[in-house]
Structure formats: C-alpha cells, structure tokens
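Input: a single structure, listed below in structure tokens.
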Amino acid sequence: MKKIKIILSALLIFGAYSCDTVDFGDTDENVNGPSEYNSGALLAAAQRRLATTGGRQYKSVPTLYVQYQSQPAYQDESRYGETPYTWTSFYVQTLSNLEEIVNQANDPEVNTSVSFLSNGSVNNQIGIAKIMKAIIFRRITDSYGDIPYSEALNPEIQSPKYDTQEFIYKDLINELKEARDLLDATEAAPTGDLIYDGDVSKWKKFANSSILSLSIQLSNKYPGVSEFAATEFNSALTNTAGVIESIEDEAWFTHLNTATFENPYSGFRAADYALSEYFVNALQGDGDDFSSTTSDSRLQIFADDASLEGYPYGLESNPSGLITAKMSSNIASPDAPAAWLTAAYTYLNRADAANLGWTSEDPASMLEMGIQKSYETLSAHYGVDITADAATFAAARVSDASSTSMAQVIGEEKWVALYPEGFEAWSEWRRTDYPILTPSPDPLNSSGEIATRYMYPTSEISLNGANYSSGVSNLSPATDNNDSKVWWDQ
C-alpha cells in the first residue's frame, strides 16, 4: 500500500508553527474519509467561500469607502478608522483549494486516475482553477498592495515573501492567458463549477474580460498606446475566444439556499446600513459633483424605495429619526444573485480604453452599450424591467460626456454598474478619482482622506516581520496606514 506523507503546517501558512515532513507509513489513513481529494468539490467550495464570506472587510467596507452605503451607527469604516484587516478567508479554503486542484492536476500519480478525470480533463481543471486564483489574488493586492503571492501557497514556507504589486499584476495577466489557452471545449468539462457549469468557452471570455480590467487598472502606470497595459488590453480584446458581450456570457453566482449559500448582504443588520446620500442623489439626477441630471431607473432596483433620500455620510453624530433608502431586497435577500463579471463592465472598460486612445473603438458607442447592458442584465436578474428607459438614459449620458468629460462619465457609470460590488468600484475610484466623492466630515484617520487601502493583518508584524516591512516600504507614503497608496495608485 502506498505510503502517504502528511505536511504538518497551519492551514494558513502565515503561522508560527514548525513545518516538518513526517512519514507515518500507513497509520495516517482515515477509513471513514474519502480516499482521494475530489477536485470538483474543491472548486465548488472555493467559489462558494469567495461568494458567501461576509464580515466587514470581505464585503461591506469597500461599499462604504465608495459611498454606496452610509452607517447610521458604528460609523468607524465610513469615517476611515485605521483597523488592520485579516486576509485569512482569501487564502484558506479558497486559494488553498484552488492550488490543491492545480497540484493534483500536475501530479502524474493522480491526474491519470479515473476518479480525477471524472471531474474533467486535466487542462480544463487547471484552467478554471488558475482563473479563479487570479481574481482572488487581484482582490487581495488591490486591497493591501504588495502581498504574499509566489510563495504564499507553499506549505513548506513559513514566512512567504511579499511580491511587488507590479510583478503580481503582470503575472496575473500571464496566468489568465495561460489558463485561457489551456481550456478546451472538446475535452471533458470540469465538475463543481457554480458559475458556468463547466462551460469553458464562457470561462475563456471571462479570462479575456478580466485581462481588460487588469490592464485598464494599470493605465496610470502604463498610459501609452504601445506600452504594456494597452498591448495586453488589445491582445485580449482581439483574442479569438472573445470577451463578455452578452448577458448570457456573464458570470453570476446564485445563492442557492440560506444554509450554505446565503447572500452575505442578507446577514448585515438593516439598522446599521443605508444607501448613502451621495449615491441616491446621483441616481436621482440631482447630485453635487455628479455629471448626470437625469433620473436613473436603476435606483428602482438598488433601493427599497427610490423616492426616499439617502443617509448622510461619515458623520460622528448622526441625526435620529430619518427615514431613508436602504439596499433593496433585490440585492440583499438571502437568495439574491450576485454579479462577478458583466457585459456592462466589459463595455465600459472598452469605452475607457478607447478614450485613452488604446483602441480604434468609439468611446461614446462603448459607453452607450455599457449602460444599456447594465439596464438589461439588472432587469433580467432582479425581475424589475427597466429596459424601456435604457436607450434614453444612455443617450443622455453620452450628451453629458460631451459637455463634461468622457473620462468622468465613464468613471461614474462604472461606479453605478458595479453596485453593490465594492471592491471593484473602490479600485476604479482610486485609479480615476471618479465619481468625485467628498470625504467624511468627521474622519478618524490622520489625513482626513478617503481610505485607499487596507492595513496589513496584525499577525504579519510578529510572524512575518521582514517581509511585512518590505511590503510597507513600497507604499506611498511608506507607512502601514489606510490612506497610503498602493503601487498602481501612486
């Protein structure tokens, strides 16, 4: 019987435990457990964990930073309180599950077995796992800056180095390209896929659309039409696999039940959150520093009552007795669907690139398509049909772009189209400075500016101090505060 070696290490590799490889012979077998890993189950578990993990740092904090929401009580986040945030749930049972799939697929003693291949071809399993890893690592580096990346999932390394954000971004784009090119629709589809049910043609479009987003995020670092970002953008846009252009190709997560697949927004106490005054005013067409004066029908889907005002943002002492708009049950019910990547965002990225001169596409046409696709997909997924208003509103926004600026309108429309997914909106706002947000009047951080990153987990200082220090050194300013800037924001 084959001997099995167990790696004695913490699930999260940033622990203060020894890491030894010990051969226990056959004594480690669990006769009541599975004899082999189920890669389909690992994929499903990683996708579920990413989609359903709640808690402030994993869901609500970015929605507060970009003023989708306000806090009537416990206002620390909307006042930019400097609190270190853990990243454990990103690494444990999400990235670690996906890395295990890749490791199995590259192990000749495993990847030829009937049980492994019953979960899909080797290439298709690796491809989807790599794409998933890329979108999770991007969220971590966008939130913190330099992070454990290349050594992060190696259980033999107790103190993984912090790779630079520049290296990570470039490597993520390469990983997405490699993953896309591994995927093959003529081979066995992967099991356990809760997003596309194993449709690798759609995952290829997802990979290309993700490259568009990653490339655009580097536009301030590589602005030129012949530089890295524009080159990668165009390569993905013209790739034969295509990009997400229809709502049928979009990536959505369905919260199947309240036991294990519950929408995390449903778990937040209703009294603690309301739609922000800025967000509601913007969509009602009377927002300060917002370029639109046209009522946006998407507020009917986003708010529980589109006629109400939003809640004042970032106050130390909030007024009592206000009746204001809150996140609607369309978005916050336990079984509400959640968008991962949409045609609207892809078209708006194309508008962004065209406006930068990276492509020959017309930015106004791409902007118009992005808005109309946003109306279309919201209507399809939330059961409130607003599509009749889409063309008129899109035309009004194109007109706004001619009188204000195309960059501002694109940034504002990304902000609206991405609601309620705060991480992506926060990254876009930091890059573009649109929409024009006014910081909290009662800030808790020293600068008084809107938070531009998460502070590193406290455990990193004591358990991975030298590498933590290297990560801090690449921030601007080089201090572990929430108003320092990550590399692409400098």
Side-chain angles (χ1 to χ4, degrees), residues 2 34-51 93-138 153 171-215 232 235-254 256 261 339-343 346:
K2 178 184 174 183
S35 59
E36 299 185 32
Y37 284 109
N38 183 320
S39 54
L42 289 169
L43 176 61
Q47 291 178 341
R48 182 200 65 81
R49 186 167 171 84
L50 179 63
Q93 296 177 358
T94 43
L95 286 169
S96 60
N97 278 17
L98 299 165
E99 182 72 358
E100 182 59 33
I101 294 171
V102 175
N103 290 340
Q104 288 182 41
N106 287 323
D107 184 346
E109 293 188 29
V110 175
N111 64 21
T112 56
S113 68
V114 173
S115 60
F116 181 82
L117 294 175
S118 68
N119 289 301
S121 73
V122 170
N123 286 341
N124 284 338
Q125 291 193 56
I126 293 175
I128 292 181
K130 281 177 170 280
I131 293 171
M132 285 293 306
K133 284 175 60 181
I135 65 173
I136 297 168
F137 269 124
R138 185 208 176 157
L153 302 177
D171 197 63
L172 291 178
I173 290 172
N174 285 332
E175 287 287 295
L176 285 166
K177 290 191 294 187
E178 290 177 9
R180 174 199 66 202
D181 295 341
L182 279 174
L183 296 174
D184 189 341
T186 67
E187 296 180 359
T191 64
D193 176 18
L194 303 176
I195 305 301
Y196 287 131
D197 194 26
D199 188 333
V200 297
S201 296
K202 291 183 177 182
W203 275 110
K204 284 171 150 314
K205 293 179 181 180
F206 183 101
N208 280 328
S209 298
S210 296
I211 294 170
L212 300 189
S213 179
L214 282 157
S215 300
E232 294 297 338
S235 177
L237 182 62
T238 58
N239 184 266
T240 56
V243 296
I244 296 173
E245 295 183 314
S246 69
I247 65 171
E248 291 77 19
D249 289 333
E250 293 178 345
W252 285 74
F253 185 90
T254 302
L256 300 174
F261 287 84
W340 279 19
L341 191 55
T342 65
T346 301

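Small disclaimer: the values here were computed from a predicted structure and weren't measured. By convention here, the first residue in the shown sequence is residue 1. Basis for what follows: all heavy atoms, side chains included, without hydrogens, waters or symmetry-related copies.
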(message) As a quick check of understanding, evaluate salt bridge (Lys or Arg N to Asp or Glu O under 4.0 Å) for Glu248 and Lys202, giving each step before the final call.
(response) CA-CA 9 Å; Glu248 291 77 19; Lys202 291 183 177 182; over 6 Å; no
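By the neighbour-count criterion of 12 heavy atoms within 6.0 Å, atom CG of Asn106 is densely surrounded, having more than that number from other residues, nucleotides or ligands.
A donor-acceptor pair is defined here as one N or O able to donate and one able to accept, closer than 3.5 Å; no such pair exists between the side chain of Asp249 and the backbone of Ile244. No side-chain donor-acceptor contact under 3.5 Å links Asn239 to the backbone of Ser235. Within the 3.5 Å criterion, the main-chain N or O of Leu172 finds no donor-acceptor partner in the side chain of Lys133. Using modelled atom types, one side-chain atom of Thr346 and one backbone atom of Thr342 make a donor-acceptor pair closer than 3.5 Å. Within the 3.5 Å criterion, the main-chain N or O of Val110 finds a donor-acceptor partner in the side chain of Ser113. Asn97 places a side-chain N or O within 3.5 Å of a backbone atom of Leu42 that can act as its donor or acceptor partner.
No side-chain N or O of Ser210 forms a donor-acceptor pair with one of Arg138 less than 3.5 Å apart. Counting only N and O atoms by type, the side chains of Thr186 and Asp184 include a donor and acceptor under 3.5 Å apart. Side-chain N/O atoms of Asn124 and Trp203 include no donor and acceptor closer than 3.5 Å.
Between Glu245 and Lys205 there is no salt bridge, since none of the side-chain N atoms of the basic residue sits less than 4.0 Å from a carboxylate O of the acidic one.
Partners of Glu175 under the side chain to side chain contact (heavy atoms under 4.5 Å, CB included) rule, at least two apart in sequence or in another chain, are Lys130, Tyr149, Asp171, Glu178. By the side chain to side chain contact (heavy atoms under 4.5 Å, CB included) test, Ser118 pairs with no residue at all, sequence neighbours left out.
Atom-to-atom distance recorded for Ile136:CD1 and Ile131:CD1 is 12.0 Å, nearest 0.5 angstrom. We find the CZ-CD1 distance between Arg180 and Ile211 to be 5.0 Å, quoted to the nearest 0.5 Å. Rounding to the nearest 0.5 angstrom, the gap separating the CG atom in Leu183 from the CD1 atom in Ile128 is 6.0 Å. Atom OG of Ser209 is separated from atom CG of Leu341 by 5.5 Å, given to the nearest 0.5 angstrom.
You'll find the side chain of Gln125 stays beyond 4.5 Å of the side chain of Gln104, heavy atoms only. Residues Pro190 and Asn119 form no side-chain contact, since every pair of their non-hydrogen atoms from C-beta on lies 4.5 Å or further apart.
Between Trp340 and Phe253, the angle of the ring planes stays under 30°, which puts this pair in the parallel group of the 30/60° scheme.
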